[in-house]
There are 2 protein chains.
Amino acid sequence: MLKLTKKADYGLMALKYLAEHPEMPALSAKDIADAYGIPAQLLAKILQRLTKTGLLRSHAGMNGGYALARDARTISAFEVIHSIDGPFFITSCTKGAKGCDLTPSCTIKEPLARVNETIAGVLKSISIYDLAEREAAAAHTAAAQPLVSLTL
Amino acid sequence: MLKLTKKADYGLMALKYLAEHPEMPALSAKDIADAYGIPAQLLAKILQRLTKTGLLRSHAGMNGGYALARDARTISAFEVIHSIDGPFFITSCTKGAKGCDLTPSCTIKEPLARVNETIAGVLKSISIYDLAEREAAAAHTAAAQPLVSLTL
DNA sequence: TGAATATCCGACTTGTTCGGTCCGCATTCA
DNA sequence: TGAATGCGGACCGAACAAGTCGGATATTCA
Ligand code: SF4
Ligand code: SF4
């Protein structure tokens, strides 16, 4: 319940790692996997998906690898999770085709949809850059005020 | 990924239903299950857990059933979810005993813990009463301003 | 050219969780 | 007593998550 998949987790780690090493033109899946102890083949597939959705750019061949397609500031955690795990819904309904069969009689799906929106907003407000620069962030974000309002 | 279990879902529905019928001294699991089409035996077990954690009061025997143990305003969605699904964590680490084995090298667990806190806060800000009174709520909560601030 | 290094992609296995059912027991009340 | 109800464990099947394997393709370098 309400748990991130490890794949999404790994994806965030990898993106953060790439954001922290802008000097490298490209890093291979194996490089990143070794840096954290993530199964290399699994990470490879995750990075492939991120590439397919446009968050990363890939380059095959020797000295190839992956690099951020956009500035770290413009990549949100929401996008990463969405790319890896698919559409984001906290409820089983609105799950594309096959939701739960009692959707018509259900009286809490609308309020829960708002909650869903709120959480999605939280995720969207977090960028890869935010994850990477946490030490500096501790100083000045104390006053920063993102920003979620839940009006059920 | 980040999906509520149906059990928690059912629990919220049941509690909302109870909140909407304060005139009844007690409603049986079957009554509530029939009202929505939820499998009766499954809902029964859910209500049992909610009773064990103190959110409901039960009474066996004929004309028995369940009733809210506290005012609907003081029961949060977070409590319901926590009662049914156990501790609330979006990451696989901090999962009691067996987390993911790369916890030491992981660099995003701290920021994710903040996100976890934020989402928990959202859930805590929602009461059963809020779910039950949505029609009236639509009018006056437009100005209401709960209230979550995420400083990563 | 050919070897080495990469990405790419689908199929597969394994373990866990979730949704749901079943059955026996305890409690209350008419 | 007996019907209605709560209580609680055991159990099952389906879905899903995590990870593995094998092979195809693309790029670079010697
Ligand atoms: S319809 Fe209601 S019960 Fe079914 S998944 Fe949606 S919110 Fe949950
Ligand atoms: S340690 Fe890092 S990778 Fe492992 S579950 Fe926690 S956040 Fe995810």
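Proteins come first, then strands; the chains are lettered A, B, ... in the order of their sequence lines, and each starts at number 1. Given the structure is predicted, the values throughout are model-derived calculations rather than measurements.
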If I compare all heavy atoms of B:K3 with all of A:I90, which pair ends up nearest, and what's the gap? CG-O, 3.3 Å
Nearest whole angstrom, please: distance from the P of C:dG10 to the CD of A:Q41. 16 Å
Applying a 4.0 Å non-hydrogen cut-off, can you work out what A:A29 is touching in the nucleic acid: base, sugar-phosphate, or nothing? sugar-phosphate
How many Å lie between CG on A:L42 and P on C:dT13, as a whole number? 18 Å
Proximal nucleotide (of D:dT5, D:dT28, C:dT21) relative to the B:S28 side chain: D:dT5
Here the distance between atom P of D:dG13 and atom NZ of B:K6, to the nearest Å, is 19 Å
Going by modelled atom types, is there a donor-acceptor pair between the base of C:dT17 and the side chain of B:K7 at under 3.5 Å? no
Output the rounded distance in Å from CZ (A:R57) to C1' (C:dA6). 18 Å
Grab the CG-P distance between A:L43 and D:dA18 for me, whole Å please. 13 Å
Under 4.0 Å between any heavy atoms, over every strand shown, what does A:K30 touch: base, sugar-phosphate, or nothing? Just pick one. nothing
Counting only distance, no hydrogens or angles, is the base of D:dT20 paired donor-acceptor with the side chain of A:K45 under 3.5 Å? yes
What's the closest nucleotide to the side chain of A:P39 if the choices are D:dA18, D:dG19, D:dT5? D:dG19
Measure the distance from CG on B:L4 to P on C:dG19 and round it to the nearest whole Å. 9 Å
Check this for me, if you would: do A:E20 and A:K16 make a salt bridge, where the nitrogen-to-carboxylate-oxygen distance has to be below 4.0 angstrom? yes
Winner on side-chain proximity to A:Q48, out of C:dT21, C:dC8, D:dA18, is C:dC8
For D:dA4, does either OP1 or OP2 sit under 4.0 Å from a side-chain N or O belonging to B:H59? no
Can you see if the side chain of B:S58 gets near the phosphate of D:dC7 - specifically, an N or O under 4.0 Å from OP1 or OP2? yes
Roughly how many Å is it from CE in B:M1 to P in D:dA17, rounded to a whole number? 8 Å
For C:dG19, take OP1 and OP2 only and decide whether either is under 4.0 Å from a side-chain N or O of B:Y10. no
Starting from P on D:dA3, measure out to CE on B:M62 and report it in whole angstrom. 10 Å
Between B:L18 and B:Y66, which heavy-atom pair has the shortest distance, and what is it? CD2-O, 3.6 Å
Ignoring hydrogens, what is the shortest heavy-atom contact between B:S92 and A:L4? Give both atom names and the distance. OG-O, 4.3 Å
Here's a test of your reading of the structure: between A:K52 and A:G64, which maps to the more 5' nucleotide of DNA chain C? A:G64
When you measure from the side chain of A:S83 to the backbone of A:L50, do you find a donor-acceptor pair of N or O atoms at a distance under 3.5 Å? no
